[in-house]
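See structure below.
The analysis underlying the following values was restricted to heavy atoms, covering all of them including side chains, and did not include hydrogens, waters or symmetry mates.
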Amino acid sequence: MRILVLGGTAFVGRAIVEDALREGADVTVFGRGRTGSHLFPDLPRLIGDRDTGDYAALRDGEWDAVVDVSGYVPRHVNQAMDALGDRVGRYLFVSSHAVYVQTGVGPGSDEDTPRRPPRRDTEELDNDTYGPCKVACEDDVLARYGDRATIVRPGKVVGPHDVQETFTYWVRRAARGGRVAVPGDPDQPVQVVDSRDLAHLVTRLLTDNRPGAFHAVGPAEPTTLGTLIETCAEAAGTDIELVPIPIDAAPAHFPLVTPQAQWPTRQRSAARARAAGMPATPLPVTVADVRAWDRQRGEPPLSHGLSAREEADLLAGA
């Protein structure tokens with residue numbers, strides 16, 4: 001199978017390329033050439049820029065499938081589809097759970113959950129616009145390719161090479177041991193999917209030529225934030241004590257912390273994706289692999305979470 005990956009050298013795209021290669025696919029990567037330029041030296045690499053609309057490198061060539069990892073606004077997707085036309089068989093768009101309505105959702109929601117209204121009037125992405133822009137992207141892919149379109153909606157993706165580093169914060173924090181400040185409720189549900197499981201789902205959907213929408217969520221068994229942190233401590237061989245602190249005492253958008261009203265959005269059904277072949281890497285394996293990767297890269301400063309001093313100050317008042 002010949003696969004074109006639009007953005008395949010950062011995190012999710014990298015995992016998809018690696019899995020596709022393991023499955024014997026012929027992979028071509030399209031991107032700006034600024035990230036991961038040392039990766040996949042034997043693969044065809046087409047240089048272009050979606051932000052500026054530079055798709056000249058896609059003028060020639062045919063592929064059985066395209067995987068769009070880097071389409072965030074409708075212009076990105078429509079310009080790519082215009083450039084490729086019918087020279088691709090299936091168009092798989094990597095979307096997001098942000099497409100769904102935020103209220104009135106119960107535990108176990110599936111891919112038929114109502115989505116938010118689409119937005120095509122902005123390319124400024126924030127909490128209010130990211131999901132609606134992804135909705136518009138989905139709609140445009142479906143309108144253009146019909147049964148040749150596939151939509152994958154990941155939840156929180158974690159694993160080695162995670163550029164967001166929110167999961168990495170807890171892996172690293174638990175490894176230090178001691179009293180751990182946990183904003184909110186440790187019993188909060190958490191869904192994280194290993195990037196390699198997401199990647200294999202993508203490969204299976206392409207191999208089986210499956211249309212439709214699929215949740216990429218994990219792990220296999222329901223878990224909580226507290227259990228996740230304890231799993232991180234077990235992997236590091238440390239002892240910890242979870243200390244709940246008021247959610248509003250911590251910085252906004254704290255790693256993996258969700259207000260209680262949104263807990264059901266962290267309890268979505270993975271049944272359709274599992275039936276399509278998505279594996280379920282055990283959480284301890286994901287934790288151990290992230291810890292090994294983080295240590296190998298020298299544990300650089302993280303942009304999320306609490307510093308040791310900030311956490312000590314919060315714990316002093318707990």
Side-chain angles (χ1 to χ4, degrees), residues 1-96 123 125 133-134 136-138 140-146 148-152 154 157 159-164 195-196 198-211 216:
M1 174 175 282
R2 298 162 300 169
I3 299 175
L4 171 67
V5 180
L6 305 180
T9 54
F11 176 39
V12 170
R14 176 177 182 165
I16 290 171
V17 170
E18 289 173 344
D19 192 86
L21 291 174
R22 280 192 295 270
E23 294 296 310
D26 294 325
V27 181
T28 300
V29 176
F30 173 87
R32 293 177 297 180
R34 300 176 188 172
T35 303
S37 57
H38 62 290
L39 297 173
F40 315 120
D42 297 328
L43 296 187
R45 185 182 293 266
L46 305 178
I47 303 300
D49 191 332
R50 305 191 78 171
D51 286 337
T52 65
D54 177 11
Y55 291 89
L58 298 183
R59 244 184 250 136
D60 301 312
E62 295 185 1
W63 294 272
D64 299 303
V66 56
V67 180
D68 191 341
V69 182
S70 56
Y72 296 101
V73 296
R75 178 176 61 85
H76 289 163
V77 171
N78 282 285
Q79 289 178 338
M81 293 191 297
D82 288 343
L84 292 167
D86 286 329
R87 290 182 292 112
V88 295
R90 177 161 299 282
Y91 199 109
L92 188 149
F93 180 68
V94 178
S95 187
S96 167
E123 293 192 358
L125 299 179
C133 282
K134 281 284 194 178
C137 293
E138 289 187 6
D140 291 349
V141 171
L142 288 165
R144 183 77 66 100
Y145 286 100
R148 292 158 54 202
T150 303
I151 308 296
V152 174
V157 187
H161 314 292
D162 182 358
V163 295
Q164 293 187 345
S195 59
R196 297 161 293 190
L198 164 60
H200 194 65
L201 171 65
V202 167
T203 304
R204 289 277 9 122
L205 293 172
L206 296 182
T207 301
D208 296 341
N209 203 30
R210 285 181 183 260

(request) Looking only at non-hydrogen atoms, find the nearest pair between A136 and P74 and report the distance. (result)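 For A136 versus P74, the nearest heavy atoms are CB-CG, 3.5 Å.
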Taking side chain to side chain contact (heavy atoms under 4.5 Å, CB included) as the test, write out the residues that go with [X], two or more places apart.
| X | value |
| --- | --- |
| A56 | D54, R59 |
| R2 | D26, E62, W63, D64 |
| R210 | L205, D208, F214, A276 |
| A10 | T35 |

According to salt bridge (Lys or Arg N to Asp or Glu O under 4.0 Å), who are the partners of [X], at least two apart in sequence or on a separate chain?
| X | value |
| --- | --- |
| D162 | none |
| R22 | D19 |
| E123 | R75 |

(message) If we ignore hydrogens and angles and just use 3.5 Å, is the side chain of S70 paired with the main-chain N or O of L6 as donor and acceptor?
(response)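 Yes, because the side chain of S70 sits within donor-acceptor range (under 3.5 Å) of the backbone of L6.
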(request) Give every residue pair that meets the ring pair (Phe, Tyr, Trp, His ring centres under 6.0 Å) criterion with at least one member in residues 16-37, sequence neighbours excluded. (result)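 Counting only pairs at least two positions apart or across chains, the ring pair (Phe, Tyr, Trp, His ring centres under 6.0 Å) contacts touching residues 16-37 are F30-Y55.
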(request) Hey, could you give me each pair passing side chain to side chain donor-acceptor pair (under 3.5 Å) that has a residue in residues 80-89? Not counting sequence neighbours. (result)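 As it turns out, the side chain to side chain donor-acceptor pair (under 3.5 Å) pairs with a partner in residues 80-89, which skip direct neighbours, are D82-R144.
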Donor-acceptor pairs under 3.5 angstrom involving side-chain atoms of residues 88-95: please list them, not counting sequence neighbours.
{"unit_1": "R90", "atom_1": "NE", "unit_2": "N209", "atom_2": "OD1", "d": "2.8"}
{"unit_1": "R90", "atom_1": "NH1", "unit_2": "D147", "atom_2": "O", "d": "3.1"}
{"unit_1": "R90", "atom_1": "NH1", "unit_2": "R148", "atom_2": "O", "d": "3.4"}
{"unit_1": "R90", "atom_1": "NH1", "unit_2": "A149", "atom_2": "O", "d": "3.3"}
{"unit_1": "R90", "atom_1": "NH1", "unit_2": "T150", "atom_2": "OG1", "d": "3.0"}
{"unit_1": "R90", "atom_1": "NH2", "unit_2": "D147", "atom_2": "O", "d": "2.9"}
{"unit_1": "R90", "atom_1": "NH2", "unit_2": "N209", "atom_2": "O", "d": "3.4"}
{"unit_1": "R90", "atom_1": "NH2", "unit_2": "N209", "atom_2": "OD1", "d": "3.2"}
{"unit_1": "Y91", "atom_1": "OH", "unit_2": "D68", "atom_2": "OD2", "d": "2.6"}
{"unit_1": "S95", "atom_1": "OG", "unit_2": "E138", "atom_2": "OE2", "d": "2.6"}

(message) I'd like to check the ring pair (Phe, Tyr, Trp, His ring centres under 6.0 Å) partners of F11; sequence neighbours left out, ordered by chain and number.
(response)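 F11: no ring pair (Phe, Tyr, Trp, His ring centres under 6.0 Å) contacts found.
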Donor-acceptor contacts, no H, no angles, side chain residues 37-44, under 3.5 Å, sequence neighbours left out:
none

